[in-house]
Chemist: 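The structure follows.
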Amino acid sequence: MTATTWLAVPAESPFGIHNLPYGVFTAPDRPGRRRIGVRIGEQVLDLGATARAAGAPSVLLDADSLNPLMAAGRSTWTTVRAAITEWLTDEAYRPAVTPNLVDLADAELHLPFEVADYVDFYASEHHATNLGKLFRPGTEPLTPNWKHLPIGYHGRAGTVVVSGTPVVRPHGQRKAPTDPAPTFGPSRRLDIEAEVGFVVGTPTELGSRVALADFADHVFGVLLLNDWSARDIQAWEYVPLGPFLGKSFATSVSPWVVPLAALEHARVTPPARDVEPLEYLDDRAAEPWGLDLAMEVELNGHPVSRPPFAAMYWTAAQQLAHLTVNGASLRTGDLYASGTVSGPEPDSRGALIELTWNGENPVKLPDGTTRTFLEDGDEVTVTATAPGPDGTRIGFGEVYGRIVP
């Protein structure tokens, strides 16, 4: 039987009873107190207060971040989700729930967890092929290692910010191929990267590995991510060690973490691989961890791209297996991202450098202006939904950022 809530939540809401994403919020009644909540419709349920009112107080739900709950492990995640579902579907809990609902419009949303480490991957074959064509014309677009392992780099955990945080245009060294020497100044080729992030809950010990089959025991949930990129700074600095200042100035994430349990109906088989993976990455006989997420990128309120996450070559389970295969430990709050999500069509590319083909084909906006890269004052919003049970959709909210000088 399909669960239904006694709350007045429209059936078509992407934040119905089958979703219940976690976040951290403050509200006018207790402005200095950060609280864990779940979103239900256009409201946020204070979980710590509801647990106390329901006679089941929990130190995990009374925390000011998701880290203690995430560290508690999968069995606890399952138990807590079941309790929240019961509170919202059994009328007997109405007296405990109703006083602890906060209108979303009155809630200030915060970074929902303390980020331990941050890793960004490069998992879209379409994105990697497009950049290869742009940067290495006349040669094989993909590097020789690309289909043998998920390529990634380590970023800055301290510059991961919640949606809505202004993005200050970064300064750095820039050198065009025709320039005699580098110059210093603000980035002139500021870009977006529409991505999906995965949040680690259960840690591991140094020297251990996470197998493909253990992915769901360690990953707490999924969120949206925009890994802003200063293409001119990156182009000059990345040889030979890869991304550095061109990426580390800001990474924006959505405020809602969607539990893996909410995405069972979104799981799909990833694209066929034409290179046989090594054993620790071979998921052909495993349960599939491709995800059918429908993403949309808006620039100044105008949709410019609809990247399909189901097209990603490497899955999050493979990325986690590769991240730990050398014995690197996981910590609660580790965040790793998919890399730019791009599809096969021009309007499904998740970065401006692809959408404009390195500036050759500017994006046209309804006000008559065009963009090759981001200008000060530009606003970028990434949203996504996934299939849920019985034709419902699972919402991820949005990750939003405005460029400031």
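Nothing here was measured: the structure is a model prediction, and the numbers come from that model. We number each residue from 1, following the sequence as shown.
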Chemist: Are Glu193 and Arg231 within salt-bridge range, i.e. N to O under 4.0 Å?
Modeler: yes

Chemist: Just to verify, which of Arg35, His110, Arg34 counts as forming a side-chain hydrogen bond (donor to acceptor under 3.5 Å, both in side chains) with Thr26?
Modeler: His110

Chemist: Between the main-chain N or O of Phe215 and the side-chain N or O of Trp289, is there a donor-acceptor pair closer than 3.5 Å?
Modeler: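 Here the side-chain-to-backbone pair does not exist.
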
Chemist: Could you walk me through whether Thr324 and Arg209 pass side-chain hydrogen bond (donor to acceptor under 3.5 Å, both in side chains), step by step?
Modeler: CA-CA 5 Å; Thr324 60; Arg209 305 174 181 178; over 6 Å; no

Chemist: Test your reading of the model: is there a side-chain donor-acceptor pair from Asp179 to the backbone of Ala176, 3.5 Å cut-off?
Modeler: yes

Chemist: Side chain of Thr385, backbone of Gly395: donor and acceptor closer than 3.5 Å?
Modeler: no

Chemist: Flag yes if more than 12 heavy atoms outside Glu264 fall under 6.0 Å of its CD atom; otherwise flag no.
Modeler: yes

Chemist: Specify the closest pair of heavy atoms between Thr204 and Val210, including all atoms of both residues, with the distance to one decimal.
Modeler: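 Closest heavy-atom pair between Thr204 and Val210: CG2-CG2, 3.8 Å.
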
Chemist: Using a 6.0 Å cut-off, check whether atom NZ of Lys147 has over 12 heavy atoms from anything other than its own residue.
Modeler: yes

Chemist: Kindly say whether Ser305 contributes a backbone atom to a donor-acceptor pair with the side chain of Asp347 at under 3.5 angstrom?
Modeler: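 Such a contact is absent between Asp347 side chain and Ser305 backbone.
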
Chemist: Checking Asp90 side chain against Glu86 main chain: does a donor-acceptor pair fall under 3.5 Å?
Modeler: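 No, the answer is negative, given that no donor and acceptor are paired below the 3.5 Å cut-off.
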
Chemist: Just checking, is any N or O donor in the side chain of Thr251 or Asp227 under 3.5 Å from an acceptor N or O on the other one?
Modeler: yes

Chemist: Side-chain donor-acceptor pair under 3.5 Å between Tyr336 and Gln319, yes or no?
Modeler: no

Chemist: Please check: side-chain N/O of Glu237 versus main-chain N/O of Phe244, any donor-acceptor pairing under 3.5 Å?
Modeler: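 Between the backbone of Phe244 and the side chain of Glu237 there is a qualifying donor-acceptor contact (under 3.5 Å).
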
